[in-house]
Amino acid sequence: MAEVPGEATQTGTALLEKATAVLEGFGPINSIHQHLCAFHFYGDNMARQVQAHHYCSHPSEDMRQCLIYDSPDADARLIGVEYIISESLFLTLPDQEKKLWHSHEYEVKSGTLFMPGVPGPLQHREMEKLCKSYGKAIHFWQIDKGDSLPLGPPSLMYALTTDGQLDTQLAREAEKRFGINLEEERKKREYMKGPDHGIHPLANGWSSGKGLKFKLRETECLPSPSATGITRVFV
């Protein structure tokens, strides 16, 4: 992994962190119970792909919220977040919003979305649910460019939807590290079903042939009731 800039963590800092870890609560982090590995590509450039390790909690049966790291290692970089919702919740979204979400059916059935180290039968029960779901992924750190810090605006990310999209090298690296065979896993998941109403035509917004990308623009910000003027901000 690329080094993060800055002085190495000092002994005093490490000891302080151990002490505060005993005293403080970590409710949101402790609720994480699931590790999903997948591959994301940038909303405006499918050639830019990264491995995405999701660490997820369940606020409800219909929603997962996931922190995304670039690896499963202790020194992994936090590069983004993804929200995963059921088909029923997705269908309630405004049409303009639906374009920002991607389907998971292909990822699941192709084996490219998996749970490292989890036995097949147990993993497949989760994959049956995920096969019908939709996700909204935002990355903040462009690790594929070699950035040492999370620079620039956030990036909308999408997931694989058909054969031939996944970078072969990324696939081979994942198979070697996690001891999996994507083709064998694909065969085991043939029985799984996608969304009951089919993949919504507004999902996977890039599939229209036009990529989606967040851009900064200067705009006028309405003042608070106690403010005396207009503040210009970037959004």
Side-chain angles (χ1 to χ4, degrees), residues 1-4 34-56 64 66-84 101-118 120 123-124 126-127 130-131 133-152 154-190 192 194 199 203-207 211-213:
M1 187 187 78
E3 292 187 6
V4 175
Q34 189 174 75
H35 174 199
L36 302 172
C37 182
F39 303 92
H40 287 169
F41 65 84
Y42 286 76
D44 64 330
N45 188 348
M46 188 181 293
R48 295 181 62 192
Q49 301 181 6
V50 296
Q51 193 175 108
H53 291 269
H54 303 55
Y55 290 86
C56 309
R64 288 174 171 83
C66 309
L67 298 176
I68 300 177
Y69 292 83
D70 64 336
S71 83
D73 302 324
D75 59 353
R77 294 170 291 184
L78 176 64
I79 61 173
V81 297
E82 180 168 355
Y83 302 99
I84 299 174
W101 295 70
H102 58 264
S103 59
H104 290 133
E105 180 179 356
Y106 175 80
E107 277 190 298
V108 170
K109 298 192 71 171
S110 66
T112 55
L113 175 60
F114 60 94
M115 300 167 66
V118 177
Q123 181 172 172
H124 288 177
E126 284 297 300
M127 291 300 152
L130 287 167
C131 198
S133 69
Y134 291 85
K136 182 179 184 180
I138 309 294
H139 284 202
F140 307 104
W141 200 329
Q142 301 184 63
I143 56 171
D144 66 306
K145 292 176 60 178
D147 289 352
S148 58
L149 289 171
L151 307 177
S155 302
L156 180 68
M157 308 296 284
Y158 281 122
L160 307 170
T161 56
T162 191
D163 291 345
Q165 293 177 337
L166 178 59
D167 181 273
T168 303
Q169 182 61 30
L170 282 179
R172 298 293 83 82
E173 289 174 358
E175 288 183 316
K176 181 178 179 179
R177 173 158 192 176
F178 300 108
I180 60 173
N181 184 300
L182 295 180
E183 281 304 315
E184 289 183 3
E185 190 60 28
R186 178 197 291 260
K187 295 176 182 177
K188 295 176 182 177
R189 300 183 184 186
E190 288 179 346
M192 296 185 186
I199 296 175
N204 308 312
W206 62 270
S207 60
L212 296 178
K213 181 178 182 180

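Everything numeric here is computed off the predicted structure, so don't read it as measured data.
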Closest contact, heavy atoms only, His104 versus Tyr134: CE1-C, 3.5 Å
Check whether any side-chain heavy atom of His139 sits under 4.5 Å from a side-chain heavy atom of Val50, and report yes or no. yes
Could you tell me whether a side-chain N or O of Asp144 sits under 3.5 Å from a main-chain N or O of Gln49, the two making a donor and an acceptor? no
In Å and rounded to the nearest 0.5 Å, what is the CD1 to CE distance from Ile138 to Met157? 9.5 Å
Pair Leu36, Cys56 - check side chain to side chain contact (heavy atoms under 4.5 Å, CB included), show working. CA-CA 8 Å; Leu36 302 172; Cys56 309; 4.0 Å; yes
Tyr83 side, atom OH; Lys136 side, atom NZ - distance, nearest 0.5 Å: 8.5 Å
Return yes if some donor-acceptor pair links the side-chain N/O of Gln123 with the main-chain N/O of Phe114 below 3.5 Å, else return no. no
With side chains defined as the heavy atoms from C-beta onward, is the minimum distance between Pro72 and Arg177 less than 4.5 Å? yes
side-chain hydrogen bond (donor to acceptor under 3.5 Å, both in side chains) with Gln165: which residues, sequence neighbours excluded? Thr161
Using the ring of each side chain (for Trp, its six-membered ring), is Tyr158 parallel, tilted or perpendicular to His102, with breaks at 30° and 60°? perpendicular
Separation of Trp101 CH2 from Ile84 CD1 (nearest 0.5 Å): 9.0 Å
Any side-chain heavy-atom pair of Asp163 and Arg186 under 4.5 Å: yes
For His35 and His53, take the angle between the two ring planes, folded into 0 to 90°, and tell me which bin it lands in: parallel under 30, tilted 30 to 60, perpendicular over 60. tilted
Does any non-hydrogen side-chain atom of His124 lie less than 4.5 Å from one of Glu185? yes
Does the side chain of Asp44 come within less than 4.5 Å of Leu212's, by heavy atoms? no
Who passes side-chain hydrogen bond (donor to acceptor under 3.5 Å, both in side chains) against Gln169, sequence neighbours left out? Glu173
Between Ser103 and Glu105 (side chain of the first, backbone of the second, donor and acceptor by atom type, cut-off under 3.5 Å), is there such a pair? no
Distance, nearest 0.5 Å, that separates CZ of Arg77 from OG of Ser71: 8.5 Å
Whether Lys109 side chain and Met192 backbone form a donor-acceptor pair below 3.5 Å: yes
Evaluate side chain to side chain contact (heavy atoms under 4.5 Å, CB included) for Arg64 paired with His54, printing each intermediate quantity in order. CA-CA 10 Å; Arg64 288 174 171 83; His54 303 55; over 6 Å; no
Check against side chain to side chain contact (heavy atoms under 4.5 Å, CB included), Leu78 and Ile68: CA-CA 6 Å; Leu78 176 64; Ile68 300 177; 5.7 Å; no
Is there a side-chain contact between Val108 and Glu126, using heavy atoms and a 4.5 Å cut-off? no
Please check if the number of heavy atoms outside Phe140 that lie under 6.0 Å from its CZ is greater than 12. yes
For the residue pair Tyr55 and Tyr69, categorise the inter-ring angle as parallel (less than 30°), tilted (30 to 60°) or perpendicular (more than 60°). perpendicular
In sequence, state the C-alpha distance, the side-chain angles, and the governing distance for Lys187 and Glu184, and then conclude on salt bridge (charged side-chain N to carboxylate O under 4.0 Å, His left out). CA-CA 5 Å; Lys187 295 176 182 177; Glu184 289 183 3; over 6 Å; no
Looking only at heavy atoms, which two atoms of Ala171 and Leu166 are closest? And how far apart? CB-CD2, 3.6 Å
Any side-chain to backbone donor/acceptor pair from Trp141 onto Asp147? Under 3.5 Å, distance only. yes
Do Gln142 and Leu151 have side chains that get closer than 4.5 Å, going by heavy atoms? no
On a heavy-atom basis, the closest approach of Phe39 and Ala174 is CZ-CB, 3.7 Å
State whether the side chain of Glu107 and the backbone N or O of Leu113 hold a donor-acceptor pair below 3.5 Å, judged by distance alone. no
Does a side-chain heavy-atom distance below 4.5 Å link Gln51 with Cys37? yes
Donor + acceptor pair across side chains of His40, Glu82 (<3.5 Å): yes
